[in-house]
J.: 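One structure, pasted below without further comment.
Atoms within each ligand, like the ligands themselves, are counted from 1 in listed order.
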Amino acid sequence: MPEGHTLHRLARDLAELVGSEVSATSPQGRFPAEKVDGLRPTGVDAYGKHLLVDFADGVSVHVHLGMRGKWLRFAPVTGPGLPQVRLRLSSPAVAWDLIAPSTCELLDAAGRAKLVGGLGPDPLRTDSDPEEAYRRVVAHHGSIAAALLDQSRIAGVGNVFRAEVLHAMRMPPTRPARSVAVAEFAVLWSRLQVLMRQGVEDGRIITVEAEDRSTVPEAESRRVYKRALCYDCGTPIVTGTIDGRTTYACPRCQPHWTE
Ligand SMILES: [Zn+2]
């Protein structure tokens, strides 16, 4: 599933439509594109794993990609878009086609505010308050791993960033969220910012050292996530399941937590 870096990169790229009068269509017929057809986007924003294309009059298109969704860019524009396209936003120069999202809906200003208000602070947003993220994470009754995936506590972290940042912090996934000290969380937050900002730049998640980041094979791009051996120390990676999601950790780098 795409994590926050994917949405922030898309928001940056889709911003090329801002200010232009866009044609909106739904070749698939499952989105009321006529409601925004001919309007000018005023901004494109990402909050965690959610993308918002804002138009004048407080109308927004809210997109969540889910497991399979993607945006495809076409420049120059050729043809009207394939029949599986949920939403096409196009200017004379470029078309952006949305395929297979889990959510693509119109929101009014109140709906937008409700969506954003339900999300925790996003490490990729400059308006996020890390102290608020800390309060929400330590209030979780379960593990730090579960708290990091709870989008209402911290937004944009998925399974890959979770595994990699916990490894970087030398924290086992099972450590109780409430045991994390404020100073530790400050480091965790800043590491997440570094990892996720790099992900926006790379267009993928690479946490290993690399001279040429464009040539790192997918299977060798992380330190613990889906690896057999820890990148740092060579110890076999241990997997587990927390709230139905697989955890990846190095038992040597991330020793068992005892209070
Ligand atoms: Zn290790």
J.: Would the number of heavy atoms belonging to other residues, nucleotides or ligands and lying under 6.0 Å from CG of Asp127 be above 12?
T.: yes
J.: Using the ring of Tyr47 (Phe, Tyr or Trp, six-membered ring only), decide whether Arg125 places NZ or CZ under 6.0 Å from its centre and within 45 degrees of its axis.
T.: yes
J.: For the aromatic rings, using the six-membered ring if either is Trp, is the centroid distance between His5 and Phe161 under 6.0 Å?
T.: yes
J.: Can you establish whether the number of heavy atoms outside Glu211 located under 6.0 Å from its atom CD is more than 12?
T.: no
J.: Tell me if the CD atom of Glu131 is crowded by more than 12 foreign heavy atoms within 6.0 Å.
T.: no
J.: Taking the hydrophobic residues Ile, Leu, Val, Met, Phe, Trp and Tyr, and joining any pair whose side-chain heavy atoms are under 4.5 Å apart, which ones share a cluster with Leu65?
T.: Leu7, Leu10, Leu14, Leu17, Val18, Val22, Phe31, Val36, Leu39, Val44, Leu51, Val53, Phe55, Val59, Val61, Val63, Trp71, Leu87, Leu89, Val94, Trp96, Leu98, Leu106
J.: For the Zn ion (ligand 1), how many protein N, O or S atoms lie at less than 2.8 Å?
T.: 4
